[in-house]
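Excluded from the calculations below are hydrogen atoms, water molecules and symmetry mates; all remaining heavy atoms, backbone and side chain alike, are included. Source: prediction; values computed, not measured. Chain identifiers are assigned alphabetically (A, B, ...) following the order of the sequence lines, protein sequences preceding nucleic acid strands; residue numbering begins at 1 within each chain.
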Amino acid sequence: MWLLGAFEKIGASVIGLYEALYEVLHFTFVCLIHALNPKSYNPAMVSVLVRQIYFTAVEIIPLFMILAILFGSVIVGVVLWLAMNYSLQNEIGAILVTFVVDEFAPFFTALLISLRSGAAINTEIAVMRVNNELNTLKTFNIDVIDYLFLPRIIAGILSMIFLSFLFAILMLLSGYIFTFLFLNFDFYSYTHMIISDLDMRDFVILLLKSLAFGFVTMLIPLYSGLKTQKSYTAIPVSVLHGMVKLFIAIFMIEVVSLLVQLL
Amino acid sequence: MFHNSEALERYVSELHVPVLVSNETPLISNLNMVENIALIEEVHCNKSIADAEKKAYGMLQSVGLQEIAYKRVATCNAAEILYVMLLRALMMQTDTIYMKLPHTITVGFKEIRTIINEVQKLMGEKKLFILDLKINAVHYEGCACSIVK
C-alpha cells in the first residue's frame, strides 16, 4: 500500500512539474509576443525600462568593478599557478579565455544580479499583488505585461550582457596584476596571449549565456511575485521560492551550456 | 443607493464601465502622486512624461495640493489619496466616473463632500456617480454629483 502511495506522490510531483513548466513557457511566449508588438512601447513603459536599467546595471557598477578586479587578480592567479604546476604554460591564454569569458563572467554576473535585482523585483510585484495594485492597472486598462514585465525583462537582458562583458574585461585586465608580480609578464605579452586565444565562438557563448541568464533573472522573480497569495505574510515566502527557482534555473543553464560546448 | 452590499456588487458586475475610484483600485505605491495621475495619459494617449506630469501637477495645483505632488502613498493622508484617485480617474477617456463606497477610502463624509465639490470644478462634461448603501444617503445631501439609487 505504501508503495502505491509513494508512486502516486511521484506521479503527482511529475505532473505538477510539467504543469509549472508549461505555465512558465506560456508566460514566456506571451511576453515575447508583447515584446514584438510596437504598441507595447509607450512613454510609461520606456520610463520603467530606463529606471530598471539604472537600478540593475548602473547603480551596481562600483561594487561590480571592485569584485571583478578582486576576483580577477586572485582567480586568474590561481589558474596561472595551476597551469605552471602542470606544465601548461603554452595553454594559459586558452585556459584564461575559456574560464573567464565563457564561464565565470556570465555565471558570476547572473548570481550578482539575481541576488540584487531578482529579489527586489519579486518583492515589488508581490507587494503590488497583495495591495491590489495589479487590479488598479487592469481597471485602468494598463496592460500589466507591457507596463510591469516587459521593461524589466528587456532591462535584465541588456544589463546582463553589458555587465558580463564588463566583468570579463576587468577580470582579464586585473589578472595581469598577478602575472606581472609573479611571472614577470609584460603587458603587451599578456594582452597578446589573451587576444590570440579569443575568437568569435567565445563572444557568441558570452552573448548567448548573458541573454539566457538575463531573461530568467527577471522572468522567474516576476512570475513568482505574480503568484503570491494575497497576504502580507506570503510575500517573503514568495521571494524565497522565487529565488530558489531562479538559482536552479541559473545552474541548469550553466549545465546545458557546458554540455552543448562539449558536443 | 443600495439596500445592501450584495445588491451593490451585483450592480457593479453588470456595469459596462469599470469603477475607477474604490478601495479595490489603490494608487500605485512605487509612484509619487504626479506619476500616478500622469500614468493614464502616458499609456493611453502616448503623451510624453514631461507633458503628462505637467498636466497632472496643474490638476493638483487647482485643488491646492501641489505640496503632495512628489510624495508617495505612504506619506499622504486618506483625504489626499482620495483627491488623487479622483484626479487619476478624470484622466481616463470616459464620460462617466463611478466611485464605490468612498468612506472606505477616507474617513469622514464631510471630507468626501468637500473633495467631490472641489474636484467638480475640473470635471467639465464628465459625470461622477457615487455607489453607496442607503443608510449613507443622508451624508451625500448637497453633494455636487449624482447618486445611483
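Atom OG1 in B:Thr25 sits 8.5 Å away from atom CG in A:Asn132 (nearest 0.5 Å). Going from atom OG of B:Ser29 over to atom CE of A:Met128 covers 6.5 Å, rounded to the nearest 0.5 Å. Between atom CG of residue A:Leu134 and atom CD1 of residue B:Ile28 there is a gap of 8.0 Å, rounded to the nearest 0.5 Å.
The nearest pair of heavy atoms linking A:Thr136 to B:Pro26 is OG1-O, 2.7 Å. When all heavy atoms are compared, the tightest approach of A:Ala44 to B:Leu39 is CB-CD1, 3.7 Å. Listed here is the closest heavy atom pair of B:Ile40 and A:Ile142: CD1-CD1, 4.2 Å.
Here the options are A:Asn141, A:Thr139, A:Asn135, the test is side-chain contact (heavy atoms from CB on, under 4.5 Å), and the partner is B:Pro18; only A:Thr139 passes.
No side-chain donor from either of A:Ser47 and B:Glu42 sits under 3.5 Å from a side-chain acceptor of the other. Between the side chains of A:Glu124 and B:Asn30, at least one donor N or O lies within less than 3.5 Å of an accepting N or O.
Highest contact tally toward chain B, considering only A:Tyr147, A:Phe140, A:Tyr41, is held by A:Phe140 [criterion: heavy-atom pairs under 4.5 Å]. If you tally non-hydrogen atom pairs under 4.5 Å between each of B:His44, B:Lys47, B:Met91 and chain A, the highest count goes to B:His44.
In the displayed structure, B:Glu67 atom CD is contacted under 6.0 Å by more than 12 heavy atoms of other residues, nucleotides or ligands. By the 6.0 Å contact criterion, NZ on B:Lys126 is enclosed, its count of non-hydrogen atoms from other residues, nucleotides or ligands being greater than 12.
Neither the backbone nor the side chain of A:Asp146 has a heavy atom closer than 4.5 Å to any heavy atom of chain B. The part of B:Ser48 that comes within reach of chain A is its backbone (N, CA, C, O), which places non-hydrogen atoms under 4.5 angstrom from that chain.
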Please step through salt bridge (charged side-chain N to carboxylate O under 4.0 Å, His left out) for the pair A:Arg51 and B:Glu35, ending with a clear verdict. CA-CA 14 Å; A:Arg51 279 188 208 186; B:Glu35 286 166 342; 2.7 Å; yes

